[in-house]
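Read through the structure below, which is laid out as structure tokens, and then see the notes.
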Protein chains: 2
Amino acid sequence: MQEFVATSFKPHRNGLNQVLGELEQEIMEVLWKREDAIVRDVFIELKKKRKIAYTTVMTVMGRLANKGILQKTPKKNSYLYKPVYSKNDFEKCISREVIKGILGNYTQAAVTSFIDVLTEIDPKQIEYLSNLIEEKKKEIKKGDRR
Amino acid sequence: MQEFVATSFKPHRNGLNQVLGELEQEIMEVLWKREDAIVRDVFIELKKKRKIAYTTVMTVMGRLANKGILQKTPKKNSYLYKPVYSKNDFEKCISREVIKGILGNYTQAAVTSFIDVLTEIDPKQIEYLSNLIEEKKKEIKKGDRR
DNA sequence: TTGACATACTACATGCTGTAGTATATACTG
DNA sequence: CAGTATATACTACAGCATGTAGTATGTCAA
């Protein structure tokens, strides 16, 4: 059971492949679609797209459970696997861990890059950010008074 | 020669060890202190702290050059190594690449986390961020008019 | 010419991920 | 009850990144 979700983050990959391996990701996608599943369910799903061995799927699902990303409970003569986090929560965890990692080390530089990149990607978000900050400021002031 | 500086980012490590291996990091620190160096210079420096082979240092410096983090120029019967980026610029690159990676994939979630984490780490930075945003907004407006 | 020093090349360990075979237990089906 | 399908556990190997270092070989200077 690992402490963190984003042990290693690869910025230049896409989607959850930033923190998961290719196959790990495929498996998680299936799990998130179905809520829970046994190995065979996932195997059948992946088999539709490509050649893969049952044991391959099993091995990786076991690893995902060891990492604390899947939960593994006995069911009949096998195991039922279930995502520990919803996809949404998982993404939030990642974003939080990564941002914490970068802000904690390079606060100033990170703040600057953040604004720049956000403007490049989606200028409209600046407005949203601006509102968030105003709220945050009020909160901080409130905290000061206490 | 690689395209990116932050191929893999480990949020829960410290300093440049987030994107560099332990030894790679030690070597870069020496290089940034001295501007440039040959393998022996770095070797002598590291040797002061721990047992290490000359060729170990050489191998890793070669790898750093392949990654495009060190520049390698012939000098006499050997090579002179020099950081491609100043430490400061390197850190900026990392922060930019990582933030781009996270914002590009989870814009909304990232914006939210960002404010939260920044408040936790250093609430004073919120003020700075706020100013930056106001400036950015003006810039955007100016751009619109053109 | 010899010794110090330089590089190139090779190699192995460890950890992560993808991949899958083998052995073994179990359960359903006829 | 026997046989087949299915489940897991265990083992193993390949490829990549990183740390580590040995060996072979070239070169320069005293």
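These numbers come from a predicted model, not from an experiment. Each chain gets a letter, A, B and so on, in the order its sequence line appears, and its residues count up from 1.
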Checklist line | Pair A:Lys138 + A:Glu135, salt bridge at N-O below 4.0 Å | finding: no
Next item on the list: To the nearest Å, give me how far apart CE (A:Met61) and C1' (C:dT19) are.
Entry: 16 Å
Note to self: Under the side-chain contact (heavy atoms from CB on, under 4.5 Å) test against A:Phe114, which residue among B:Leu132, B:Val111, B:Ile102 passes?
What the structure shows: B:Val111
Item checked: Residue pairs, two or more places apart or on separate chains, that pass ring pair (Phe, Tyr, Trp, His ring centres under 6.0 Å) and touch residues 64-112 of chain B -> B:Trp32-B:Phe90
Note to self: Check A:Glu24 with A:Lys67, please: is the shortest side-chain N to carboxylate O separation under 4.0 Å?
What the structure shows: yes
Next item on the list: Give B:Thr7 one of three labels, base, sugar-phosphate or nothing, depending on what nucleic acid heavy atoms sit under 4.0 Å from its own.
Entry: nothing
Note to self: Measuring to OP1 and OP2 of C:dT17, would you say a side-chain N or O of A:Lys67 lies under 4.0 angstrom away?
What the structure shows: yes
Notebook entry, point to check: If you round to the nearest 0.5 Å, how far is CG of B:Leu31 from CD of B:Gln71?
Noted result: 11.0 Å
Next item on the list: Have a look at B:Ser8 and say if it touches a base, only the backbone sugar-phosphate, or nothing, with a 4.0 Å heavy-atom cut-off.
Entry: nothing
Note to self: Does B:Lys75 reach a base, just sugar-phosphate, or nothing at all? Heavy atoms under 4.0 Å.
What the structure shows: nothing
Next item on the list: Extract, from 5' to 3' on DNA chain D, the first and final nucleotides lying under 4.0 angstrom from some heavy atom of chain A.
Entry: D:dT6 to D:dA12
Item checked: First encountered from the 5' end of DNA chain C, between A:Arg50 and A:Lys76 -> A:Arg50
Next item on the list: Check B:Leu70 against B:Val84 and note the closest heavy-atom contact, atom names and distance.
Entry: C-CG2, 3.7 Å
Next item on the list: Please indicate whether B:Lys72 has more than 12 foreign heavy atoms, meaning atoms of other residues, nucleotides or ligands, lying under 6.0 Å from its NZ.
Entry: yes
Check: When you look at NZ of B:Lys82, are more than 12 heavy atoms from neighbouring residues, nucleotides or ligands closer to it than 6.0 Å?
Finding: no
Note to self: Within the 4.0 Å limit for protein heavy atoms, which parts of nucleotides 3-8 of chain C are touched? Write it as a string from 5' to 3', B for base, S for sugar-phosphate only, - for none.
What the structure shows: --SSBB
Checklist line | Along DNA chain C (nearest heavy atom to each residue), the more 5'-positioned of B:Thr59 and A:Glu26 | finding: B:Thr59
